[in-house]
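Hydrogens, waters and symmetry mates play no part in the numbers below; they use all other heavy atoms, side chains included. The shown structure was predicted, so the numbers you read here are calculated from the model rather than taken from an experiment.
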Amino acid sequence: MSQLAYGLLTLLLIAASFWLWRQRRPLSAAARGAMTAALMGLGLAAAASLLLSLGSLAKELEHTQRILGLAAQNLSLPLLGLAAFYLGRGLQWQPAAWGRILLGLMAAFELLRRMDQLFGYQWVINSAALLVMLAGCLLVARQDRRPLPFVALCAVGTLTPLLQPGAAPLAELFVPGDTLLLLFPTLLGAAVTVGLLSEQAHNRSQPEPDDHQPRP
C-alpha cells in the first residue's frame with residue numbers, strides 16, 4: 001500500500017513541477033531563480049518518493065534513496081518556503097544567491113548532524129520554512145488571498161507529527177511510516193503556494209523598451 005502511495009505522490013510532484021516550470025517562463029530573471037530553487041526542492045522530494053515506490057525492486061539503490069530522502073527532508077520545504085517569501089516580497093537577489101543558500105543549508109545540516117542535534121534541527125528548519133512561506137502569503141493578502149488556504153494545508157501536514165512523540169516532519173521521505181499521507185498536503189500545498197505567489201505583478205518580466213519608438 002505504501003508503494004502505491006509513493007507512486008501517486010511521485011506523479012503528483014512531477015505534475016506540480018511541470019506546472020511550476022510553466023509558471024516560470026514569463027517571470028523576471030530574479031524570480032526565475034526563486035522558481036528554480038522551488039523546483040529543486042520538489043525534485044528532491046520526487047526522486048526520494050520514486051525510489052521508495054519501487055520498494056524491494058530498488059534494493060541496490062537503497063543507499064541512494066536514503067541520501068535523497070534525508071536531503072529532501074531537510075532541504076525541500078526550506079527551499080519552497082524561501083522561494084514563496086521571495087516571490088511574495090518581490091525581492092531582487094541575483095540567481096547565484098540561491099546556490100549560496102543551498103550550501104548554507106547543507107552546511108548547517110551536516111554540522112547539526114555531527115552534534116547529534118538533527119531531530120531538533122529538522123523541526124526548527126521546517127517550522128521556519130512555514131513561517132517565511134506564511135509571511136510571503138500575508139504580504140500579498142490584500143491583492144490575492146488564494147495562497148492562504150494552501151499554506152494552511154502545508155502547515156497541517158508539516159506540524160501534525162508533533163502529536164506523535166519522536167516523529168519528525170517529512171520523515172516519510174527517508175523511510176516509510178505512519179504519517180506517509182501527510183506528505184501530500186505538505187508538499188503539494190507548498191508547491192501551489194509558490195506557483196500562486198509567482199503570479200504577482202512584481203515578478204513579471206518587464207518588456208524591453210523599443211529604441212525605434214519616438215521618445216516623449
Side-chain angles (χ1 to χ4, degrees), residues 1-2 5-6 8-10 12-13 16-17 20 34 37-49 52 66 68-89 101-102 104-106 108-109 112-113 115-141 144-197:
M1 185 64 180
S2 65
Y6 279 119
L8 178 59
L9 178 64
T10 302
L12 291 174
L13 290 176
S17 298
L20 287 185
L39 285 166
M40 181 178 297
L42 282 183
L44 283 172
S49 180
L52 284 166
R66 288 184 173 272
L68 285 172
L70 199 58
Q73 186 183 2
N74 293 277
L75 295 175
S76 289
L77 200 57
L79 288 173
L80 287 160
L82 283 171
F85 178 77
Y86 182 100
L87 295 167
R89 182 67 178 84
I101 289 172
L102 181 60
L105 289 171
M106 293 171 64
F109 160 75
L112 272 295
R113 186 186 69 83
M115 295 173 61
D116 199 25
Q117 298 294 324
L118 188 56
F119 178 78
Y121 170 75
Q122 289 168 341
W123 273 112
V124 168
I125 195 67
N126 285 292
S127 297
L130 275 179
L131 289 175
V132 296
M133 191 182 302
L134 176 61
C137 294
L138 293 176
L139 286 169
V140 302
D144 188 356
R145 296 183 180 179
R146 293 177 302 159
L148 288 173
F150 294 98
V151 76
L153 198 63
C154 179
V156 169
T158 304
L159 300 177
T160 297
L162 281 171
L163 303 176
Q164 297 184 352
L170 300 177
E172 284 69 26
L173 288 173
F174 181 64
V175 62
D178 296 334
T179 57
L180 165 58
L181 295 181
L182 293 176
L183 294 176
F184 287 83
T186 301
L187 295 169
L188 297 176
V192 175
T193 300
V194 171
L196 293 176
L197 288 173

**Student:** Of all residues at least two apart in sequence or in a different chain, which pass the side-chain contact (heavy atoms from CB on, under 4.5 Å) check with L102?
**Tutor:**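 Partners of L102 by the side-chain contact (heavy atoms from CB on, under 4.5 Å) criterion, ordered by chain and then number, come out as M40, L75, L79, M106.
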**Student:** Could you tell me if T179 and E172 have a donor-acceptor pair between their side chains, going purely by distance under 3.5 Å?
**Tutor:**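 Note: E172 and T179 side chains meet the donor-acceptor criterion.
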**Student:** Just to verify, what does R146 make a salt bridge (Lys or Arg N to Asp or Glu O under 4.0 Å) with, not counting sequence neighbours?
**Tutor:** D144, E199
**Student:** Donor-acceptor pair, Q122 side chain versus P169 backbone, under 3.5 Å?
**Tutor:**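 Here the side-chain-to-backbone pair does not exist.
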**Student:** Quick one: closest heavy-atom pair of W123 and L162, and the distance?
**Tutor:** CH2-CG, 3.4 Å
**Student:** Is the CZ atom of R113 crowded by more than 12 outside heavy atoms at less than 6.0 Å?
**Tutor:**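 Enclosed: over 12 neighbouring heavy atoms sit under 6.0 Å from CZ of R113.
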**Student:** Measure the spacing between CG of L77 and OG1 of T158 and express it to the nearest 0.5 Å.
**Tutor:**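 L77 CG to T158 OG1: 5.0 Å, rounded to 0.5 Å.
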**Student:** Kindly indicate whether a cation-pi arrangement holds for R66 with F174, taking the cut-offs as under 6.0 Å to the six-membered ring centre and within 45° of the axis.
**Tutor:** yes
**Student:** Would you check, one step at a time, whether the test side chain to side chain contact (heavy atoms under 4.5 Å, CB included) holds for L170 with T186?
**Tutor:** CA-CA 8 Å; L170 300 177; T186 301; 3.6 Å; yes
**Student:** Can you tell me how far apart CG (L130) and CG (N126) are? Round to the nearest 0.5 Å.
**Tutor:** 7.5 Å
**Student:** With rounding to the nearest 0.5 Å, note down the distance linking CG in L87 to CG in L196.
**Tutor:**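 Between atom CG of L87 and atom CG of L196 there are 11.0 Å.
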**Student:** What residues form a side chain to side chain donor-acceptor pair (under 3.5 Å) with S17, not counting sequence neighbours?
**Tutor:** none
**Student:** Rounded at 0.5 Å granularity, tell me how far CG in L12 sits from CG in L183.
**Tutor:**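 CG of L183 is found 11.5 Å from CG of L12.
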**Student:** Under the side chain to side chain contact (heavy atoms under 4.5 Å, CB included) rule, what do L8 and F184 come out as? Steps first, then yes or no, please.
**Tutor:** CA-CA 9 Å; L8 178 59; F184 287 83; 4.0 Å; yes
**Student:** Taking all non-hydrogen atoms of both residues, which atom of A84 and which atom of L197 are closest, and how far apart?
**Tutor:**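 Looking at all heavy atoms of both residues, the closest pair is O-CD1, 3.2 Å.
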**Student:** For residues C137 and T193, report the shortest heavy-atom separation together with the two atoms involved.
**Tutor:** SG-CG2, 3.5 Å
**Student:** State, with a plain yes or no, whether a side-chain heavy atom of L188 is found less than 4.5 Å away from one of F150.
**Tutor:** no
**Student:** Considering all heavy atoms of both residues, which atom of P78 and which atom of I125 are nearest to each other, and what is their separation?
**Tutor:** CG-CG1, 3.6 Å
**Student:** Mind listing the closest non-hydrogen atom pair of A191 and A16 along with its distance?
**Tutor:**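 It is CB-CB, 4.1 Å.
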**Student:** Could you give me the CA-CA distance, side-chain angles and deciding distance for S76 and L42, then say whether side chain to side chain contact (heavy atoms under 4.5 Å, CB included) is met?
**Tutor:** CA-CA 6 Å; S76 289; L42 282 183; over 6 Å; no
**Student:** With side chain to side chain contact (heavy atoms under 4.5 Å, CB included) as the test, would you mind laying out the steps for L118 and N74 before giving the verdict?
**Tutor:** CA-CA 10 Å; L118 188 56; N74 293 277; 4.0 Å; yes
**Student:** So, taking the atom named CG in L134 and the one named CG in L148, what distance separates them when rounded to the nearest 0.5 Å?
**Tutor:**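 Separation between the atoms: 7.5 Å.
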**Student:** I want to check something: taking the side chain as every heavy atom from C-beta on, are Y86 and V132 in contact at a cut-off of under 4.5 Å?
**Tutor:** no
**Student:** Quick check: does any side chain N or O of S49 sit under 3.5 Å from a backbone N or O of L9, one acting as donor and the other as acceptor?
**Tutor:**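 A pair under 3.5 Å: no.
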**Student:** Restricting to non-hydrogen atoms, name the atom on P176 and the atom on Y6 that form the minimum distance, rounded to 0.1 Å.
**Tutor:** CA-OH, 3.3 Å
**Student:** How about S2 and L180: do any of their side-chain heavy atoms sit closer than 4.5 Å?
**Tutor:**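 In short, these two side chains touch, coming nearer than 4.5 Å.
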**Student:** What's the separation between atom CD in Q73 and atom CG in L44, rounded to the nearest 0.5 Å?
**Tutor:** 12.0 Å
